[in-house]
Trainee: 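Mind having a look at this structure? Questions to follow.
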Amino acid sequence: MKLSRYFLPLIRENPSEAQIASHRLMLRAGMIRQEAAGIYSWLPLGLRVLDNIERIVAEELDKAGCVRVLMPTLQPTELWKESGRYDAMGKEMLRFKDRSERELLYSPTCEEMIIDIFRSSVKSYKALPLNLYQIQWKFRDEVRPRFGIMRGREFLMKDGYSFHISLDDAKREYSKMYDVYHRIFARLGLVAIAVNADSGAIGGSLSHEFQVIAETGESALYYDKTFDDIRAGKMQMSGEDMRRLYAAADELHVPDKCPVAKENLREARGIEVGHIFLLGRKYTDAMKVDVNGPDGNSVRVEMGTYGIGVSRLAGAIIEAGHDENGIVWPEAVAPFKVGIINLRPGDAKCDAICQQLYDTLQGQGVEVLYDDTDERAGAKFASMDLIGLPWQVVVGPKGAEKGVLEVKNRKSGEKKEMSLEAALKTVKGTE
Ligand code: 5CA
């Protein structure tokens with residue numbers, strides 16, 4: 001993509017409404033634009049990141065045997081009356097009527113509809129276990145939307161729902177999803193701590209929140225300091241072992257009963273990027289969901305539900321990866337892998353080298369943003385640092401004479417002069 005043809009509305013000054021780094025940087029880097037309280041447009045750079053996160057989440061779930069569906073954002077209210085949540089959800093649920101005076105709502109979560117889909121066609125235990133998921137926009141009329149897309153009213157969620165003939169099998173799936181979640185967050189360049197949590201409005205008997213440690217996080221949590229070694233990469237641990245370590249959300253942490261000695265306990269703030277729930281029969285009792293069991297008798301279905309805040313993750317990744325100059329994207333989610341800066345557009349040599357770099361990388365499937373604009377050098381460097389692409393290749397007239405260009409790694413800040421061939425290898429990670 002050539003910057004002169006792209007849509008990247010950068011903001012030079014710090015927006016006054018942004019209180020935390022990720023919100024400030026997403027606005028400044030032209031990733032999002034607020035349209036109403038807690039409601040955002042995703043501009044091209046932001047959308048590329050959102051798509052990358054979505055793709056990684058979907059790939060890992062597909063690998064784990066989950067099956068993707070897509071349900072509507074607008075839903076009739078009957079199912080919610082059946083489950084009892086029509087009243088329980090209160091003002092957080094947005095309700096309205098269509099032209100025929102039929103009541104609709106904008107789905108804040110999707111247990112009711114997926115259960116209706118399930119019960120209308122699955123009649124036998126042979127189809128179980130079944131784990132269905134979607135990645136779809138949700139609406140919750142939060143009292144205090146804040147921090148940009150971190151706590152939005154409209155937000156993108158991965159919501160998964162599993163169906164089982166026994167509670168033991170639901171527990172097995174819950175453990176499996178616990179491990180899958182760690183894999184997903186690791187691929188996104190994050191270490192999340194899974195804390196025992198309250199299951200709130202979703203319900204169920206057991207739940208874990210996946211928290212990314214950040215000073216600006218909205219949740220308070222307590223955990224065994226061993227997690228700090230895992231986060232620092234000093235130690236690796238299986239999901240099973242991790243589950244034995246103490247970690248609890250604020251509301252479940254009782255100091256007198258905490259099994260961890262005070263000196264080994266950490267208190268921190270976190271961003272909740274995922275939440276899994278063992279539901280049991282909470283919804284299947286209310287909505288009478290049975291299948292025929294192996295012995296011919298009908299069996300009440302057991303469930304689990306598994307959420308990931310896909311749009312919130314974009315903010316969490318920035319909270320975990322930025323410096324005073326801007327965003328520092330992990331490669332897996334970066335909107336482009338390489339930024340080319342032409343310091344002298346119009347100079348035949350600079351133009352030719354940049355074009356060759358650009359064509360070669362694009363031809364090899366590497367995503368490139370080529371700054372071919374007439375901005376002054378300082379502004380180009382600042383913009384490229386702000387948007388945080390992992391690699392920058394700078395082409396100027398002096399270097400072009402000698403046949404060298406400069407390659408900068410955004411994360412380490414390291415800069416090196418090298419030939420075009422060496423630069424290609426470096427940014428592709430083959431050298
Ligand atoms: N049905 C269950 C699991 S699919 C459910 O709705 N769980 S949830 O309420 O915990 O939401 C799942 C995830 O969505 C949360 O862990 C969080 O990362 C994200 N999320 C929730 N509310 C918001 C919000 N207002 N803005 C951005 N992300 C949110």
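Throughout, numbering of the chain's residues begins at 1 and tracks the sequence.
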Trainee: Do E92 and R85 meet the salt-bridge criterion of a basic N to acidic O distance under 4.0 Å?
Mentor: no

Trainee: Quick check on the 6.0 Å ring-centre criterion: do Y161 and Y283 meet it?
Mentor: no

Trainee: Under 4.0 Å between a side-chain nitrogen and a carboxylate oxygen: does that hold for D116 and R119?
Mentor: yes

Trainee: Does either side chain, that of D385 or that of Q392, offer a donor lying less than 3.5 Å from an acceptor on the other one?
Mentor: yes

Trainee: Would you say CD of Q364 has more than 12 non-hydrogen atoms from neighbouring residues, nucleotides or ligands within 6.0 angstrom?
Mentor: yes

Trainee: Salt bridge between K81 and E103, side-chain N to carboxylate O under 4.0 Å?
Mentor: yes

Trainee: Can you name the closest pair of heavy atoms from M177 and L61 and give their distance?
Mentor: CE-CD2, 3.5 Å

Trainee: Please report the interatomic distance CD(E142) to CD(E154), rounded to the nearest 0.5 Å.
Mentor: 13.0 Å

Trainee: Mind listing the closest non-hydrogen atom pair of A320 and L190 along with its distance?
Mentor: CB-CD2, 3.8 Å

Trainee: In this structure, are over 12 heavy atoms from other groups packed under 6.0 Å from K416 atom NZ?
Mentor: no

Trainee: Under the side-chain hydrogen bond (donor to acceptor under 3.5 Å, both in side chains) criterion, do D62 and Y133 qualify, and how do the steps go?
Mentor: CA-CA 10 Å; D62 291 349; Y133 78 98; 2.7 Å; yes

Trainee: Answer yes or no: are there more than 12 heavy-atom neighbours, outside E240 itself, under 6.0 Å from its atom CD?
Mentor: no

Trainee: Do K63 and E59 meet the salt-bridge criterion of a basic N to acidic O distance under 4.0 Å?
Mentor: no

Trainee: Give the minimum heavy-atom separation between P390 and K337, together with the two atoms involved.
Mentor: CD-O, 3.4 Å

Trainee: Are D250 and R269 within salt-bridge range, i.e. N to O under 4.0 Å?
Mentor: no

Trainee: More than 12 heavy atoms of other residues, nucleotides or ligands under 6.0 Å from NZ of K288: yes or no?
Mentor: no

Trainee: Does a salt bridge link R281 with E302, judged by any charged N lying under 4.0 Å from a carboxylate O?
Mentor: yes

Trainee: For T216 and E319, which I'm curious about, is there any donor-acceptor pair between the side chains at under 3.5 Å?
Mentor: yes

Trainee: Do we get R95 above Y86's six-membered ring, with its NZ or CZ under 6.0 Å from the centre and within 45° of the axis?
Mentor: yes

Trainee: Flag yes if more than 12 heavy atoms outside R12 fall under 6.0 Å of its CZ atom; otherwise flag no.
Mentor: yes

Trainee: Considering only NZ, NE, NH1 and NH2 on the basic side and carboxylate oxygens on the acidic side, decide whether K176 and D179 come within less than 4.0 Å.
Mentor: no

Trainee: Under 3.5 Å, is there a donor-acceptor pair between the E375 and S383 side chains?
Mentor: no

Trainee: Looking at D51 and R48, is any side-chain nitrogen of the basic one under 4.0 Å from a carboxylate oxygen of the acidic one?
Mentor: no

Trainee: Centres of the Y178 and F210 rings: under 6.0 Å?
Mentor: yes

Trainee: Could you check W391, Y358, Y6 and say which one makes a ring pair (Phe, Tyr, Trp, His ring centres under 6.0 Å) with F336?
Mentor: Y6

